[in-house]
*Asks:* 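Let me give you the structure first, and then I'll get to my questions.
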Protein chains: 2
Amino acid sequence: MGKATKRTVTIRDVAAAADVAVGTVSRVLNDHQSVTKQVRERVQKTILTLGYQRNAIAQSMRSARTKMVACAIRDFDIPAFASYVKAAEATFRSAGYTFILASTANDKDVELSLLQTFGQRRVDGVMMTMSDETDPDLVNAITHVAMPIVLIDRELVQSVDSVSADHRAGARQATEYLLSLGHRRIALLVGDPKAYPSRSRIEGYTEAHRSFGVPVDPHLIRDRLLSNEATFRETAALLGRSERPTAIYAAGLDTLSGPLRAVRTAGLVVGQDISIVSGNDSDLAELNTPPITALRWDRSEMGRHAAEMLLDRIEHGRQSPPRRIRLPVSLVVRGSCRPA
Amino acid sequence: MGKATKRTVTIRDVAAAADVAVGTVSRVLNDHQSVTKQVRERVQKTILTLGYQRNAIAQSMRSARTKMVACAIRDFDIPAFASYVKAAEATFRSAGYTFILASTANDKDVELSLLQTFGQRRVDGVMMTMSDETDPDLVNAITHVAMPIVLIDRELVQSVDSVSADHRAGARQATEYLLSLGHRRIALLVGDPKAYPSRSRIEGYTEAHRSFGVPVDPHLIRDRLLSNEATFRETAALLGRSERPTAIYAAGLDTLSGPLRAVRTAGLVVGQDISIVSGNDSDLAELNTPPITALRWDRSEMGRHAAEMLLDRIEHGRQSPPRRIRLPVSLVVRGSCRPA
DNA sequence: GAGTGTCAATGAACCGTTTCCAATCGATAA
DNA sequence: TTATCGATTGGAAACGGTTCATTGACACTC
């Protein structure tokens with residue numbers, strides 16, 4: 001007897017059961033004025049008894065707002081992203097937004113396809129990076145996205161908001177620290193210079209050398225190191241050279257464990273045979289024996305700023321000029337560096 | 001002149017421009033049969049020129065499928081979650097689903113409110129844990145969720161699918177290893193026994209003692225340790241006792257750095273003055289000096305299995321009985337334990 | 001040439017909200 | 001008593017897709 005299919009209960013069912021018009025139920029749901037206390041309570045009771053659950057899809061359909069925000073990161077594995085994503089999600093959630101998260105693997109095609117997906121889903125805003133700041137397709141896609149966007153640690157596209165860390169200053173600080181300890185052969189391990197962080201780290205490293213009057217040996221700069229494995233291999237290669245570096249500045253994202261493994265494999269001891277500075281502070285850096293001197297900046301702050309900028313754009317800021325936030329980077333000196 | 005508002009282009013605009021009916025455009029979009037090659041190409045060209053972007057909201061509205069999946073984890077900060085979330089997201093994305101991620105902070109109210117949000121958003125499936133497997137509100141919410149759900153590392157709710165690791169066997173293995181080295185005062189640090197992992201670790205620990213005929217000292221079991229700070233404090237307290245433990249089994253999630261800090265603060269040396277087994281393998285465990293003996297299981301596999309089970313439920317599995325996957329846990333022996 | 005079958009394409013209904021205009025009602029003012 | 005006004009409520013249109021019954025065109029058969 002009866003229909004076997006249990007239809008989900010809609011606003012119309014509520015209206016019928018409470019003997020009011022659908023418009024009235026909607027007004028109750030949205031806390032609009034001009035609904036009698038009596039009617040309001042009757043509707044609310046009906047909602048409870050029927051177990052009505054508002055359909056966010058229909059709501060978005062009508063209002064053209066999804067209350068969803070998308071974020072693309074390079075890789076979930078990278079601990080450096082965790083605190084920043086965490087802060088962003090918390091900010092969005094407390095503002096009533098739902099958070100979509102995806103990873104790009106630093107791949108242009110994935111980035112483009114995610115942008116398309118986000119567009120089709122009509123998210124209210126996007127937070128992301130890009131693998132290559134100079135790629136015309138990516139730049140074009142980023143600048144023509146329909147919704148507000150905040151770039152993280154990218155600065156070349158001038159037309160959108162961005163939040164980044166001052167990697168140039170940080171790199172300069174770290175390099176000058178090593179130079180002042182007397183090191184003259186400092187290896188620099190970085191990621192892809194097509195993106196702002198690595199690019200500006202190379203700049204900072206070069207500036208520091210210039211200010212100390214020390215020539216830069218291009219062989220000591222190893223870039224495009226995007227994985228622990230790659231960093232391990234490059235470090236091992238550097239350590240195998242006749243004139244091996246006396247210090248390593250491991251500046252890439254999540255590239256500390258590679259060098260540590262390589263140093264250990266080569267039978268060397270950090271802080272004695274070789275000095276190390278990590279470009280990203282972490283538990284690993286802090287708890288290593290000896291603890292590793294590292295650069296740090298407030299990643300939660302980064303996520304929070306990005307989220308707040310985006311929310312501001314979504315809810316108020318129509319056409320105000322793009323804003324740029326750059327967070328300070330500082331050097332935490334520990335025990336991994338000795339005078340050369 | 002003209003309208004200032006630039007309306008977004010809809011399927012109707014495409015239909016008008018290509019001089020066909022909306023239904024035809026829809027069939028082109030969905031790769032339906034019975035569209036002339038000629039018409040198909042005309043429509044596709046129009047889509048390109050107009051820059052039409054299909055509206056996923058409207059699509060979901062009609063089809064009652066959102067192609068979105070939600071996942072709630074305890075905290076983004078916990079590296080153990082990264083690889084599992086990563087594998088899950090990859091699986092979902094390659095199946096055409098979008099991934100919503102939220103954190104619960106292990107808080108019942110957050111969990112309930114997220115379930116409600118996911119329900120309102122009409123996601124097609126949910127992947128999550130729960131802070132307390134015995135809480136009636138949570139159990140009720142989980143069992144009455146409208147969409148398919150997969151629980152991670154939770155086994156008490158029998159009516160839904162679940163994926164977990166065999167923590168009891170793992171704990172037993174770790175404890176027996178320490179007992180076989182002669183340790184008789186083994187501290188156990190775990191999270192909240194109201195959830196499956198800690199509960200079964202305590203079981204495994206107890207079983208191991210029983211099989212060795214060694215009585216369990218309840219003072220050595222410290223539970224409800226949910227943060228690095230809490231674990232640090234408890235370990236420090238244990239190390240300060242007159243009869244301090246000779247070994248620590250740090251079984252909680254992400255609770256290795258706390259004990260390591262506490263041991264260092266107490267002026268002790270891991271592997272000499274005290275033995276340590278970590279309940280979760282990590283870079284930190286592997287790269288510590290000495291490397292820490294640890295339990296491990298395939299977290300990517302966990303994420304993949306969970307995602308595949310969920311996809312199966314969503315796309316085929318209507319009413320098949322709940323499935324339960326339990327992954328094996330193994331002990332990786334390194335250098336952090338010495339005979340007592 | 002009428003009847004039949006197949007394949008393409010049309011166009012309207014529908015999904016569940018929000019919003020806006022019209023209608024109703026009670027109270028107050030003239 | 002009647003006109004006026006503000007506060008509530010009703011009801012329908014609109015959002016942008018998908019789907020399905022229907023129509024139109026064409027080829028084929030007898």
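Naming convention: chains lettered A, B, ... in sequence-line order (proteins, then strands); numbering from 1 in each chain. Reckoned from all heavy atoms, side chains included, excluding hydrogens, waters and symmetry mates.
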*Asks:* Can you tell me how far apart CD1 (B/Ile100) and CE (A/Met68) are? Round to the nearest 0.5 Å.
*Replies:*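 Separation between the atoms: 6.0 Å.
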*Asks:* Going 5' to 3' on DNA chain D, which nucleotide is the first and which the last to come under 4.0 Å of a heavy atom in chain A?
*Replies:*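 Contact boundaries, 5' end first: D/dT8 to D/dG16.
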*Asks:* How does each nucleotide of nucleotides 7-13 of chain C score, in 5' to 3' order, for protein heavy atoms under 4.0 Å: base (B), sugar-phosphate only (S), or none (-)?
*Replies:* -SBBBBB
*Asks:* For the CD atom of A/Glu133 and the CG atom of A/Asp153, what is their distance to the nearest 0.5 Å?
*Replies:*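 Result: 9.0 Å between the selected atoms.
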*Asks:* Quick one: label B/Thr10 by what it contacts on the DNA or RNA (base, sugar-phosphate, nothing), any heavy atom closer than 4.0 Å.
*Replies:*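 Sugar-phosphate contact only - B/Thr10 comes under 4.0 Å of backbone atoms but never of a base.
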*Asks:* Atom NE2 of A/His32 to atom P of C/dC20: distance rounded to whole Å?
*Replies:*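 Value for this atom pair: 9 Å.
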*Asks:* Spell out, as yes or no, whether a donor-acceptor pair under 3.5 Å connects the side chain of B/Arg74 to the backbone of B/Leu226.
*Replies:* yes
*Asks:* Starting at OH of A/Tyr196, measure out to CG of A/Leu151 and round the result to the nearest 0.5 Å.
*Replies:*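 These two atoms lie 12.5 Å from each other.
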*Asks:* Please round to the nearest 0.5 Å and tell me the distance separating atom SG of A/Cys71 and atom CE of A/Met127.
*Replies:*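 Here the interatomic distance stands at 4.0 Å.
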*Asks:* Can a donor-acceptor pair be found, under 3.5 Å and without considering hydrogens, that links the side chain of B/Thr49 to the backbone of B/Lys45?
*Replies:*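 Here the side-chain-to-backbone pair exists.
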*Asks:* Assess whether a salt bridge exists between A/Asp124 and A/Lys67, defined as any Lys/Arg side-chain N lying under 4.0 Å from an Asp/Glu carboxylate O.
*Replies:*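 Looking at A/Lys67 together with A/Asp124, the answer is no, because their closest N to O distance does not fall below 4.0 Å.
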*Asks:* Expressed in angstrom and rounded to an integer, what is the separation of B/Met61 atom CE from C/dC14 atom P?
*Replies:*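 Rounded to the whole Å, the gap is 13 Å.
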*Asks:* Is the side chain of B/Arg42 donor-acceptor paired with the backbone N or O of B/Ala18 at a distance under 3.5 Å, no angle test?
*Replies:* yes
*Asks:* Rounded to the nearest angstrom, tell me the gap between atom NZ in A/Lys67 and atom C1' in C/dT18.
*Replies:* 15 Å
*Asks:* If the threshold is 4.0 Å, N to carboxylate O, is there a salt bridge linking A/Asp135 and A/Lys194?
*Replies:* no
*Asks:* Are A/Gln59 and C/dG16 close enough that a side-chain N or O sits under 4.0 Å from OP1 or OP2?
*Replies:* no
*Asks:* Take the protein atom CG of A/Asp13 and the nucleotide atom C1' of C/dG16, then report the distance between them rounded to whole Å.
*Replies:*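 Spelled out: CG on A/Asp13 to C1' on C/dG16 is 10 Å.
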*Asks:* Roughly, in whole Å, what's the span from CZ in A/Arg65 to C1' in C/dT17?
*Replies:* 16 Å
*Asks:* Rounding to an integer number of Å, can you tell me how far B/Gln120 CD sits from C/dT17 P?
*Replies:* 10 Å
